[in-house]
Amino acid sequence: HFAADIFVIDAIKRAAYRLSDKLIVEIAPVTDGVDCVLRATTAKQTLSSLEIEFRNHVLDYDLRARIAKETEPLRNLVLSLAFSKTGLQG
């Protein structure tokens with residue numbers, strides 16, 4: 001289970017896609033978050049180790065999304081400053 005106030009569903013989807021060669025992930029939105037049912041595609045790894053890997057990827061993608069959102073104004077400022085000195089603007 002992933003709490004809605006902690007994780008965004010996009011991070012869960014990205015993690016599911018990232019591990020799609022190892023896991024089948026059924027994503028089910030519920031009232032307070034998202035439930036995931038995991039099934040291994042092969043017997044090479046245990047389901048518990050795959051769950052740990054999946055949760056780590058969810059956390060990684062969620063943090064990347066939050067950092068991107070928080071730093072967007074600064075990135076835009078840096079880009080606008082960089083392009084303002086190129087003479088490309090009309």
Side-chain angles (χ1 to χ4, degrees):
H1 179 80
F2 294 95
D5 59 336
I6 299 174
F7 296 99
V8 295
I9 194 162
D10 187 60
I12 296 167
K13 289 178 180 179
R14 288 175 185 268
Y17 180 72
R18 167 86 176 174
L19 296 174
S20 62
D21 62 326
K22 301 176 185 179
L23 276 176
I24 296 170
V25 181
E26 292 180 29
I27 300 170
V30 293
T31 306
D32 60 339
V34 177
D35 284 341
C36 295
V37 177
L38 308 178
R39 288 195 301 261
T41 57
T42 67
K44 290 181 181 179
Q45 285 183 277
T46 64
L47 192 55
S48 61
S49 68
L50 288 170
E51 180 183 357
I52 291 167
E53 190 174 355
F54 178 69
R55 288 185 173 278
N56 283 337
H57 281 297
V58 170
L59 178 60
D60 178 60
Y61 285 119
D62 188 73
L63 288 173
R64 287 173 187 267
R66 291 176 194 271
I67 291 168
K69 185 177 180 182
E70 290 173 3
T71 60
E72 183 177 20
L74 181 59
R75 284 192 327 270
N76 289 339
L77 178 64
V78 169
L79 284 172
S80 66
L81 182 61
F83 282 111
S84 70
K85 295 183 178 190
T86 63
L88 294 175
Q89 293 179 341

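- Looking at every heavy atom in both residues, Ser20 comes nearest to Thr41 through O-CG2, 4.3 Å.
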- Task: Output, in order, the C-alpha distance, side-chain angles, deciding distance and verdict of salt bridge (Lys or Arg N to Asp or Glu O under 4.0 Å) for Arg55 and Glu51.
- Result: CA-CA 6 Å; Arg55 288 185 173 278; Glu51 180 183 357; 3.2 Å; yes
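- A continuous path of Ile, Leu, Val, Met, Phe, Trp and Tyr side chains, each step under 4.5 Å between heavy atoms, connects Val25 with Ile6, placing both in one hydrophobic cluster.
- Note that the CG atom of Leu23 and the SG atom of Cys36 stand 10.0 Å from one another [nearest 0.5 Å].
- Summarising the geometry, atom CZ belonging to Arg64 is positioned 13.0 Å from atom CG belonging to Asp10; distances are rounded to the nearest 0.5 Å.
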- Message: One pair to check against side-chain contact (heavy atoms from CB on, under 4.5 Å): Phe2 and Ile9. What are the steps and the verdict?
- Response: CA-CA 9 Å; Phe2 294 95; Ile9 194 162; over 6 Å; no
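- In this structure, CD on Glu53 lies 11.5 Å from CG on Asp60, to the nearest 0.5 angstrom.
- Rounded to the nearest 0.5 angstrom, Lys22 NZ and Thr42 OG1 are separated by 9.0 Å.
- With Asp62 contributing its side chain and Val8 its backbone, the two residues share a donor-acceptor pair below 3.5 Å.
- Criterion: ILVMFWY side-chain heavy atoms under 4.5 Å apart, direct or through other members. Under it, Tyr17 and Leu59 are not part of a common hydrophobic cluster.
- Rounding to the nearest 0.5 Å places CD1 of Ile24 at 12.5 Å from CG of Leu19.
- No single ILVMFWY cluster, assembled from side-chain heavy atoms under 4.5 Å apart, contains both Tyr61 and Ile52.
- Remark: side-chain polar atoms of Ser49 are not paired, donor with acceptor, to backbone N or O of Gln45 under 3.5 angstrom.
- When all heavy atoms of Leu50 and Ala40 are compared, the closest pair comes out as CD1-CB, 3.7 Å.
- Here the CZ-CD distance, from Arg39 to Glu26, works out to 4.5 Å after rounding to the nearest 0.5 Å.
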- Task: Carefully, step by step, assess Val34 and Phe7 under the rule side-chain contact (heavy atoms from CB on, under 4.5 Å).
- Result: CA-CA 9 Å; Val34 177; Phe7 296 99; over 6 Å; no
- Message: Using the rule given for side-chain contact (heavy atoms from CB on, under 4.5 Å), can you reason through Asp32 versus His1, listing the C-alpha separation, both sets of side-chain angles and the distance that settles it, and then say yes or no?
- Response: CA-CA 9 Å; Asp32 60 339; His1 179 80; 3.3 Å; yes
